[in-house]
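Each chain gets a letter, A, B and so on, in the order its sequence line appears, and its residues count up from 1.
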Number of protein chains: 2
Amino acid sequence: MIKESTLRAGDEPASKTRIHAVYLQLRRDILHGKLLPGARLPVEHLRAEYGVSAGTVREALSLLVADALVTPEGQRGFWVAQASEDDLIDVTNTRMQLESAGLRQAIERGDDAWEAGIVAAFHRLSLVEDKTGRPLEGRLDEWELRNQDFHDALIAACPSRWTKRFRSILYHQHERYRRISLSQGAGDRNVHAEHEAIMAATLKRDADLACRLIEQHIAATRDLVFRVGVNGSADLAAPSAGAPAKSS
Amino acid sequence: MIKESTLRAGDEPASKTRIHAVYLQLRRDILHGKLLPGARLPVEHLRAEYGVSAGTVREALSLLVADALVTPEGQRGFWVAQASEDDLIDVTNTRMQLESAGLRQAIERGDDAWEAGIVAAFHRLSLVEDKTGRPLEGRLDEWELRNQDFHDALIAACPSRWTKRFRSILYHQHERYRRISLSQGAGDRNVHAEHEAIMAATLKRDADLACRLIEQHIAATRDLVFRVGVNGSADLAAPSAGAPAKSS
DNA sequence: GCCAACTAAAATATCGATATTTTTGATTTT
DNA sequence: AAAATCAAAAATATCGATATTTTAGTTGGC
């Protein structure tokens, strides 16, 4: 339910329009796994739940197509984008490539303010995690936001808006899988140390090392998800509900 | 004006829905430069022009956001995405990276059918261009479609859907710039020979050479656009019409 | 001349009704 | 038992009216 106050909550207006508010809410619900991969998104139900008209829901869903979080099909409606082991491999490999490219470009061009941004983001992240980088109890959402801030800060000095755009899409795709691994334990992995090593290499302007470390960091998440999801990809998706084929 | 027959024209239904038909029409108009970069897209005018309701137009525009061809702004409407020299550089560099990655993966995995697809696409393309690769008179649109088929065929065997998705977005972004260079002459460039060399290296499974050639091919288009657009980027965009800042 | 305030016109965003399509379940045919 | 057909229910897509916001132009004060 989108309350009127939601539109004006916080330090700044959350959304100028109801469409944008519904978009943000749906986006959050998908990224957090409340709406499972492959799940149908019945406009009629969402209309009732959010208290807006069908057209408003449709438009919000259409905007989520750009984030690759929703797939539309004419006359049949909308679905949460699918997730699968194959997709995780692809997301991982492609993200490794783009993060790496972005980080390399940032290292070439970054100035002191950029470095300060990284240090600050790392510090904020450290405050909501234990020494191994596990999110503190009840602060997973906060950790996720600060994790994103940290990764955004690493490539903030990259001049390529396209690289950053695609990378961001994949970062969030990865988030859908990452939450599975975080909620089930990170094994013996020390995410905090990984972040710190990436930061150190970056500040030292060692592009090759930094890129190798970020790639390993990303690959490790994939490996962890595979380990906890090894029972099969049933854990990754909603029971099939007339789900369309994967979009091209 | 979307005619009823448009929805059922050709060998297959063009669109199941009016939204999709408007989406395709708008997409074509933007890619062809009929709707200039930075131009406002007034819903009220488009509604009248296409003979559909405002909500239908809005939804079609929202779907174009995914293609990075339209930028929305709450309460202010929609705009054709901006174009600029900086953007062309970014599109080019990022596309070079993704095409190259896609081609390399395709070369690793492609089978005989993939090779046949490339040869066939090259052949079809050759039939609508002169010996230097200039489109034949009055067949620019056809050439563009077959050019796309050729480039799609090159990476058809790439397993990474994400690479192909992002690459496709950039291919079309590049198209907006490419039409400028084609309509103003390709100088002494031999696009046909470039395609042929790329194909030869690809069929020979020489990934390093093929990737270097495709990157040069893409860079050459950028250089050409710069040459013909050297009067400044006024040629690239509509007069500013309350255009929003470039989207992040 | 510049800026703030105000108003009317223009445009955007949203609604709920309804036309259209798909899905579901029952029945009939093979 | 499986496949085809049909009708009703459910859902999607679209419309046009209207509430809301922005834009453009005018006026007045400094």
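Between the CD1 atom of B/I19 and the P atom of D/dT12 there is a distance of 12 Å, given to the nearest Å. At whole-Å resolution of the value, CG in B/L41 and C1' in C/dA11 are 14 Å apart. Between the CD atom of B/E73 and the P atom of C/dT12 there is a distance of 12 Å, given to the nearest Å. Rounded to whole Å, the distance from CD on A/Q75 to P on C/dA19 is 16 Å. Taking atom CH2 of residue A/W79 and atom P of nucleotide C/dT22, one finds them 11 Å apart after rounding to whole Å. Between the CZ atom of A/F78 and the P atom of D/dT12 there is a distance of 9 Å, given to the nearest Å. Rounded to an integer number of Å, the gap from CZ of A/R76 to P of D/dT12 is 11 Å. Between B/L63 atom CG and D/dT14 atom P the separation is 11 Å, expressed in whole Å.
Of the listed nucleotides (C/dT12, D/dT14, D/dT22), D/dT14 has the atom at the smallest distance from the side chain of B/T17.
For A/G74 and A/E59, each mapped to the nucleotide of DNA chain C holding its nearest heavy atom, the one lying further toward the 5' end belongs to A/E59.
At most 12 non-hydrogen atoms from other residues, nucleotides or ligands lie less than 6.0 angstrom from NE2 of A/H123.
With sequence neighbours excluded, no residue forms a side-chain hydrogen bond (donor to acceptor under 3.5 Å, both in side chains) with A/D223. Residues forming a side-chain contact (heavy atoms from CB on, under 4.5 Å) with A/R139 (at least two apart in sequence, or on another chain): A/V128, A/L136, A/E142.
Within the 4.5 Å cutoff, the side chain of B/D149 has no heavy atoms near those of the B/L125 side chain. Considering only heavy atoms from C-beta on, A/Y23 comes within 4.5 Å of A/D67 through its side chain.
A/R40 has no side-chain polar atom (N or O) that falls below the 4.0 Å cut-off from OP1 or OP2 of D/dA11.
In this structure, B/E85 CD and B/R222 CZ are separated by 11.5 Å, a value rounded to the nearest 0.5 Å.
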Please list each protein N or O that sits under 3.5 Å from an N or O in nucleotides 15-18 of chain D, with the distance.
{"unit_1": "D/dC15", "atom_1": "OP1", "unit_2": "B/R18", "atom_2": "NH1", "d": "2.9"}
{"unit_1": "D/dC15", "atom_1": "OP2", "unit_2": "B/S53", "atom_2": "N", "d": "2.8"}
{"unit_1": "D/dC15", "atom_1": "OP2", "unit_2": "B/S53", "atom_2": "OG", "d": "3.1"}
{"unit_1": "D/dC15", "atom_1": "OP2", "unit_2": "B/T56", "atom_2": "OG1", "d": "2.7"}

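A cation-pi arrangement is absent between B/R167 and A/F166, since the terminal nitrogen or guanidinium carbon is not both under 6.0 Å from the aromatic centre and inside a 45° cone about the axis.
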